[in-house]
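One-based numbering, in listed order, for ligands and for the atoms of each. Scope of the values below: all heavy atoms of this structure, side chains included, with no hydrogens, waters or symmetry mates.
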Amino acid sequence: MSEFANSIAVLTSGGDAPGMNAAVRAVVRAAINRNLQVYGVKRGYNGLLNGDVVQMNLRSVSDIINHGGTVLYTARSEEYNTPEGVKKAADYCRSLGVKGVVVIGGDGSFRGARDLSGAGIPCVGIPGTIDNDIACSEYTIGFDTAMNTVLEMVDKIRDTAQSHDRCSVVEVMGRRCGDIALQTGIACGATAILVPEKPHDIDTMVIDKILATQATGKKHFIVIVAEGVGGSAEIAKYIEEKTGIETRATVLGHVQRGGSPTLRDRVVATAMGHHAVELLANNIGNRVCALQNGNVVDFDITEALNMKRVFDEDLYNIAMDVSI
Ligand code: F6P
């Protein structure tokens with residue numbers, strides 16, 4: 001008989017996020033400590049459809065905690081998102097004999113985990129996305145690293161904007177969520193921050209603000225635009241037309257997804273990976289790990305998927321109050 005009484009699988013799915021590797025590492029280590037064998041599934045749910053899995057050991061997750069991306073690779077699988085795909089993946093899990101699957105990703109990945117749980121394979125989701133857009137959790141793995149990358153880039157953009165007395169419009173990621181824009185906008189001292197959760201009238205929220213701050217002596221301006229608002233090139237053109245201030249637009253793009261994870265991302269990822277294994281080891285599935293008041297908790301996947309995100313109005317008001 002094997003030294004392992006049982007096994008679990010772990011996969012990363014959707015857009016990669018810095019800290020996913022730390023979560024994979026924690027899952028593998030915590031599982032092996034509980035006599036569970038671990039299969040690493042390659043390229044998200046695709047690996048369950050084409051049998052692309054590897055057995056993980058303690059050393060297969062050495063030296064990955066400090067790396068961005070995901071050693072398991074990731075994908076958004078079209079084939080899995082069909083009833084036949086889910087059945088095929090569940091059958092494959094049964095053939096491997098896994099007692100559960102840890103799914104590290106965002107909302108789309110959790111819908112896949114819910115479906116796999118429904119097909120008889122208990123799953124536990126871990127929020128891994130730079131967007132911070134998982135309603136049940138106050139934090140998602142990768143958010144802090146992405147924001148620090150944005151900050152570093154905008155600080156560089158500020159140097160050149162200042163030298164030329166220009167305005168710089170910077171578009172940041174986040175899909176439909178404005179959290180990256182709001183927090184980086186505050187941290188880089190933006191004159192205006194546009195997020196999808198709030199009205200974004202360019203005349204009152206950008207042009208009037210630039211002109212008002214210009215009247216107090218300010219000569220260069222940073223405007224942060226969330227991806228969910230979009231149109232940064234058009235906004236830059238409009239600012240130049242209306243104010244006469246030379247304006248440039250920068251879409252930061254995928255640079256925000258890479259890089260060595262921050263301490264916060266490594267710690268949260270480790271705590272959530274550990275929690276996910278404890279659930280599966282106790283035969284509890286169909287759950288999503290979440291951070292609530294700084295503690296790792298878990299929710300039923302369907303309940304988690306039905307929750308509505310709450311935008312941080314207080315922080316938004318603070319941002320509006322001080323960007324003058
Ligand atoms: O969900 C993470 C994210 O980077 C979003 O911020 C962005 O909208 C999207 O993924 C980009 O996806 P892709 O990598 O497929 O271009």
Side-chain angles (χ1 to χ4, degrees), residues 11-24 42-46 67-81 103-113 125-154 169-185 187-188 193-197 200 224-233 235 249-262 264-265 268-269 272 288-291 304-305 307 309 311-312:
L11 61 84
T12 51
S13 161
D16 62 339
M20 279 184 163
N21 282 331
V24 171
K42 300 280 184 73
R43 297 180 177 80
Y45 293 102
N46 283 338
H67 290 294
T70 159
V71 293
L72 292 178
Y73 303 92
T74 185
R76 298 184 174 103
S77 175
E78 299 267 313
E79 188 190 347
Y80 177 74
N81 286 327
V103 173
I104 306 165
D107 265 345
S109 310
F110 293 168
R111 280 190 286 277
I126 294 180
T129 162
I130 64 164
D131 300 337
N132 205 36
D133 61 349
I134 303 292
C136 70
S137 185
E138 63 199 18
Y139 189 78
T140 62
I141 296 163
F143 181 50
D144 191 54
T145 307
M147 288 195 299
N148 278 290
T149 301
V150 171
L151 201 54
E152 196 186 327
M153 297 299 133
V154 178
V169 176
V170 183
E171 184 172 319
V172 300
M173 278 185 168
R175 212 176 282 271
R176 285 175 294 277
C177 178
D179 284 15
I180 294 179
L182 174 59
Q183 295 206 23
T184 59
C188 72
I193 303 170
L194 301 178
V195 293
E197 291 89 345
H200 31 266
I224 300 287
V225 178
E227 175 184 22
V229 173
S232 47
I235 293 172
T250 306
V251 179
L252 286 185
H254 288 82
V255 70
Q256 295 161 94
R257 288 242 294 266
S260 179
T262 59
R264 180 156 166 76
D265 280 325
V268 173
M272 285 189 176
V288 172
C289 298
L291 209 65
L305 285 169
M307 288 181 189
R309 274 203 80 253
F311 183 67
D312 193 339

Looking at [atom], what's its closest protein heavy atom, distance included?
atom                    : answer
atom 11 (C) of ligand 1 : Arg257 NH1, 3.6 Å
atom 9 (C) of ligand 1  : Arg175 NH2, 3.5 Å
atom 15 (O) of ligand 1 : Arg76 NH1, 2.6 Å
atom 6 (O) of ligand 1  : Asp131 OD1, 2.7 Å

- Message: Testing the basics here: between Ile130 and Gly142, what is the closest heavy-atom pair and its distance to 0.1 Å?
- Response: CG2-O, 3.7 Å
- Item | Residues Tyr139, Asp179; criterion side chain to side chain donor-acceptor pair (under 3.5 Å); working and verdict | CA-CA 10 Å; Tyr139 189 78; Asp179 284 15; over 6 Å; no
- Task: Give the numbers and elements of all ligand 1 atoms closer than 4.0 Å to a heavy atom of Met173.
- Result: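 Those of ligand 1 that fall under 4.0 Å from Met173 are 4 (O), 6 (O).
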- Task: Could you give me the CA-CA distance, side-chain angles and deciding distance for Asp265 and Thr145, then say whether side chain to side chain donor-acceptor pair (under 3.5 Å) is met?
- Result: CA-CA 7 Å; Asp265 280 325; Thr145 307; 2.5 Å; yes
- Item | Nearest candidate to atom 13 (P) of ligand 1, where distance is taken over non-hydrogen atoms, out of His254, Glu227, Gln256, Arg176 |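 Among His254, Glu227, Gln256, Arg176, the closest heavy atom to atom 13 (P) of ligand 1 belongs to His254.
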- Query: Can you tell me how far the CG atom of Asn132 sits from the CG atom of Asp144, to the nearest 0.5 Å?
  - Reply: 10.0 Å
- Take atom OH in Tyr73; do more than 12 heavy atoms of anything else shown fall under 6.0 Å from it?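 No.
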- In this structure, are over 12 heavy atoms from other groups packed under 6.0 Å from Arg176 atom CZ?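 No - once you tally the heavy atoms of other residues, nucleotides and ligands closer than 6.0 Å, there are 12 at most.
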- Query: Looking at ligand 1, does any of its N/O atoms fall within less than 3.5 Å of an N/O of Gly174?
  - Reply: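 Such a contact does occur with ligand 1.
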